[in-house]
Number of protein chains: 2
Amino acid sequence: MATIDDVARTAGVSTSTVSYVLSGKRPISAPTRARVERAIEKLGYRPHAGARALASARTNVIALMAPLRVGVSVPVIMQFVAGVVTRARDFDHDVLLLTQDDVSGLDRVTGGSMVDALVMMDIEADDPRVPLVAAAKQPTVLIGLPQDPEGLSCVDLDFEAAGRLAVRHLAHAGHTDVALIGSPPEVLRRHTSYAERMMRGLRDQARSSGVTVKVEACDSSPAGAATAVDALLSTAPDTTGIVVHNEGALPHVLARLAERGLVVGSDMSVVAVCPRDVALSQRIPMTSIDLPAEDIGKVAVDMVMARLEGEQPSETRLLAPVLTERDSSAPGPAADVG
Amino acid sequence: MATIDDVARTAGVSTSTVSYVLSGKRPISAPTRARVERAIEKLGYRPHAGARALASARTNVIALMAPLRVGVSVPVIMQFVAGVVTRARDFDHDVLLLTQDDVSGLDRVTGGSMVDALVMMDIEADDPRVPLVAAAKQPTVLIGLPQDPEGLSCVDLDFEAAGRLAVRHLAHAGHTDVALIGSPPEVLRRHTSYAERMMRGLRDQARSSGVTVKVEACDSSPAGAATAVDALLSTAPDTTGIVVHNEGALPHVLARLAERGLVVGSDMSVVAVCPRDVALSQRIPMTSIDLPAEDIGKVAVDMVMARLEGEQPSETRLLAPVLTERDSSAPGPAADVG
DNA sequence: CTAGCGTGTTGAACCGCTTCGACGATCCGG
DNA sequence: CCGGATCGTCGAAGCGGTTCAACACGCTAG
């Protein structure tokens, strides 16, 4: 491998000049720059990342901690990851992938100066990782909202607003008895904040719209979905509007409703909270509130980079939910006929 | 951040001694080791990754190039990734995540000495990345089989054997007209090798088992699945056994069969080629050939590490397929009644 | 008693790059 | 014609480790 000294020698300049050509931190005359660039080209020179990190205290790598296991919906994770990786490249950074359960990884990458910054997904209310990264010298942004952000930046969909939006949509359409089919019980038990925020928004809006709202936890399996649907239909038989906030369970919920003889889009209105493509790949195109996972990932990177550059203070950004009406929702019993 | 010199000073030894305590490459007496370890503990010392990489020419990072976009099934990708990341940790390595389309990333991480080795997923027959990594100084293992491995290591499920196994299973059960519902047309068009190997196995075994086999490409959408099922049922109405090698389409294929009044598990036998959990989360538990994505990821890391250590030659390993009988397959028309 | 050995430790060179202070050259205004 | 900017380039000092040759020490064997 050619080194910067090789380049300097074949270009007939000093190594610092080569360095300045590369970084642009000092003006270099056009002819000199050209000579250096030609040498780089000729030798196929690539700066050594380690040497660079050592000398500059910058690695151009960010860490992304993602839940590679069960629980959260896999396509959503992938979209976050894709968003983070592609946006990181726009900032000339690469991504080091850590798994959620590898808590010691935080220390490793942080203390070992392996990364310039961190992005962490799937934050829980009382997440043990939060104090760790809060103490790190690298800026961090959380995807999700912990109880106490401790000066860290956060991004997420505004699930509370999403809950309100969903109920408002259904109420406007004339539904008076609505329900949430939500996250698996274990997710709720962990006090994952998005689930709780969603429920809060739902209930708030239900109160002010004067509709009832029943909440069912729901395992993502076919059986879990069936159980939830059955439970709902027996304890709240007047339900005509359902918000499904569980992509994994969504197809099975729809299947169960069908089995029970309910036609989604006329007998029963369903609003899904999930990524666009999931909404579109169901048996019928779903009315849905988009979960813009890829965008959130990108915003996370934007925020972390901003903190890396200037001295932006930490902030938390909640993205406004957008509801797109498709074929799974229809007017309800209380709709003005006309 | 404490440096190795700080540790040496507070332990009252030289820096090289600290280094040897850390690496174990020279014997250190128990008392000295203890003093050093106490100092490390006390200062919260972490070796600087960049400095280490510079001095030792080892980064303890491997690159993983994964298709973060459409095409291949998302859960499968996640499982590969999970396997690679967790196994890499066993070797004290971290994972740098590259996207499939970022071909220049290969050069970057390779030439910049950012990683010790590479793992690449979703290899196509005539993959442009193969010559690039073949020229790199880092060992690489491919998940999938290119036309010409050029001395690179490869791992994959033995799809040809899987094809044979699936047909053999159906033929044994008395099916005489079988079909494949396979990858989306664009995947086939790219000559993705697993799809072609699967078809080859299928056809071989069909010939020797004396059954007919019809092949349908299949888009992963509900509509695509419906189209494929309809086409199959009209051009080969006698089909009683289907192999589905497309996890995304699987639920929709099953849905379409149901809509057409066919009961999977009696009227129609279906063998899925997909990860276990996908097979189990369909409307009924599917007879399936497991796609052990996580294992493959782990094996990939094992292989790449072996090459990093000793001077193992490159090899290609094809994992033997395992068929698990569940509820979606049943005896066919030619079965011995008894 | 000494030559020779193994064990444990050390000093110093080096890995490849960034960056700071300095310096020569060119250009300006006075 | 001179003093002071401005511009472009350079030399050298780190950055924080690893590793090699060398050495001090206590042993054993001769």
Side-chain angles (χ1 to χ4, degrees), chain A residues 1-37 39-40 43-61 92 108-116 137 308, chain B residues 1-37 39-40 43-61 92 108-116 137 308:
Chain A
M1 280 288 100
T3 73
I4 197 173
D5 288 306
D6 298 332
V7 174
R9 205 169 310 121
T10 90
V13 299
S14 71
T15 65
S16 39
T17 299
V18 176
S19 179
Y20 288 124
V21 166
L22 253 19
S23 69
K25 293 192 180 177
R26 291 248 178 124
I28 298 290
S29 69
T32 305
R33 188 202 322 291
R35 290 224 313 289
V36 170
E37 278 162 356
I40 289 177
L43 299 179
Y45 166 72
R46 303 260 162 221
H48 186 288
R52 196 167 247 198
L54 180 56
S56 67
R58 282 291 227 115
T59 62
N60 277 36
V61 174
D92 195 32
R108 184 161 23 93
V109 302
T110 276
S113 303
M114 298 183 71
V115 301
D116 294 339
K137 61 176 182 302
L308 219 44
Chain B
M1 280 288 98
T3 74
I4 196 173
D5 288 307
D6 298 333
V7 173
R9 207 169 309 122
T10 91
V13 299
S14 71
T15 64
S16 38
T17 300
V18 176
S19 179
Y20 288 124
V21 166
L22 254 19
S23 70
K25 294 193 178 175
R26 291 261 174 113
I28 298 291
S29 69
T32 306
R33 190 202 320 291
R35 291 224 311 290
V36 170
E37 278 163 356
I40 289 177
L43 300 179
Y45 166 72
R46 303 260 161 220
H48 186 289
R52 198 167 246 200
L54 180 56
S56 68
R58 282 292 226 115
T59 62
N60 276 39
V61 174
D92 195 32
R108 184 159 23 91
V109 301
T110 277
S113 303
M114 298 183 71
V115 300
D116 294 338
K137 62 175 181 302
L308 219 42

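Residue numbers start from 1 in every chain, and the chains themselves are labelled A, B, ... in the order their sequence lines are given, proteins ahead of strands.
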Using a 4.0 Å cut-off on heavy atoms, which residues in [range] reach DNA chain C? List them by number, or say none.
{"range": "residues 43-60 of chain B", "value": "B/Leu54, B/Ala55"}
{"range": "residues 6-14 of chain A", "value": "none"}
{"range": "residues 21-32 of chain B", "value": "B/Arg26, B/Pro27, B/Ile28, B/Ser29, B/Thr32"}

Among C/dC20, D/dG17, D/dT19, the nucleotide that comes nearest once only the side chain of B/Ile4 is considered: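 That would be D/dG17.
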
Can you figure out which of D/dG16, C/dC20, C/dT18 approaches the side chain of A/Thr15 most closely?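 Nearest nucleotide to the side chain: C/dT18.
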
Partners passing side chain to side chain donor-acceptor pair (under 3.5 Å) against [X] (at least two apart in sequence or in another chain):
{"X": "B/Thr32", "answer": "B/Ser29"}
{"X": "B/Asn60", "answer": "B/Asp92"}
{"X": "A/Thr10", "answer": "none"}

Under 4.0 Å: is that the gap between some side-chain N or O of B/Ser16 and OP1 or OP2 of D/dT19?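 So the side chain of B/Ser16 is outside the cut-off, no N or O lying under 4.0 Å from OP1 or OP2 of D/dT19.
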
Determine to 10° how strongly the helix from C/dC1-D/dG30 to C/dG30-D/dC1 is bent, judged from the axes of its five-pair ends.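 The value is 40°.
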
According to the salt bridge (charged side-chain N to carboxylate O under 4.0 Å, His left out) rule, which pairs have a member within residues 8-18 of chain B, sequence neighbours left out?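 Passing the test, one end in residues 8-18 of chain B: B/Asp6-B/Arg9.
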
Determine which pairs satisfy salt bridge (charged side-chain N to carboxylate O under 4.0 Å, His left out) with at least one residue from residues 27-36 of chain B, sequence neighbours left out, and list them in order.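 Sorted result for residues 27-36 of chain B: empty, none.
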
Nearest heavy-atom neighbours spanning B/Ser113 and B/Thr59: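 Result for this residue pair: O-CG2, 3.1 Å.
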
Quick one: are B/Val61 and B/Asp116 in side-chain contact, heavy atoms under 4.5 Å?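 A side-chain contact is absent here, since even the closest heavy-atom pair is not under 4.5 Å.
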
Which part of the nucleic acid does B/Ser19 contact within heavy-atom distance under 4.0 Å: base, sugar-phosphate only, or nothing?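 Base, at least one base atom sits under 4.0 Å.
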
For the CD1 atom of A/Ile4 and the CD1 atom of A/Ile40, what is their distance to the nearest 0.5 Å?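 One finds 8.0 Å between CD1 of A/Ile4 and CD1 of A/Ile40.
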
Distance from A/Lys137 atom NZ to A/Thr110 atom OG1, nearest 0.5 Å?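 Nearest 0.5 Å value for the NZ-OG1 distance: 7.0 Å.
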
Pull out every protein N or O sitting under 3.5 Å from an N or O of nucleotides 24-28 of chain C, one pair per line with the distance.
none

Atom pair distance, as rounded to whole Å: CG in A/Asp5 and C1' in D/dC10: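 Between C1' of D/dC10 and CG of A/Asp5: 13 Å.
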
Nearest-Å distance, OH (B/Tyr20) to P (C/dT10)?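 That distance rounds to 12 Å.
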
Please report, to 0.1 Å, the donor-acceptor pairs under 3.5 Å made by any side chain of residues 18-26 of chain A, with sequence neighbours excluded.
residue, atom, partner, partner atom, Å
A/Ser23, OG, A/Ser19, O, 3.3
A/Ser23, OG, A/Lys25, N, 3.3

Only distances under 3.5 Å count here; give the side-chain donor-acceptor pairs of residues 44-54 of chain A to other protein atoms, sequence neighbours excluded, each with its distance to 0.1 Å.
residue, atom, partner, partner atom, Å
A/Arg46, NE, B/Asp107, OD2, 3.2
A/Arg46, NH2, B/Asp107, OD2, 2.8
A/His48, ND1, A/Gly50, N, 3.0
A/His48, ND1, A/Ala51, N, 3.0

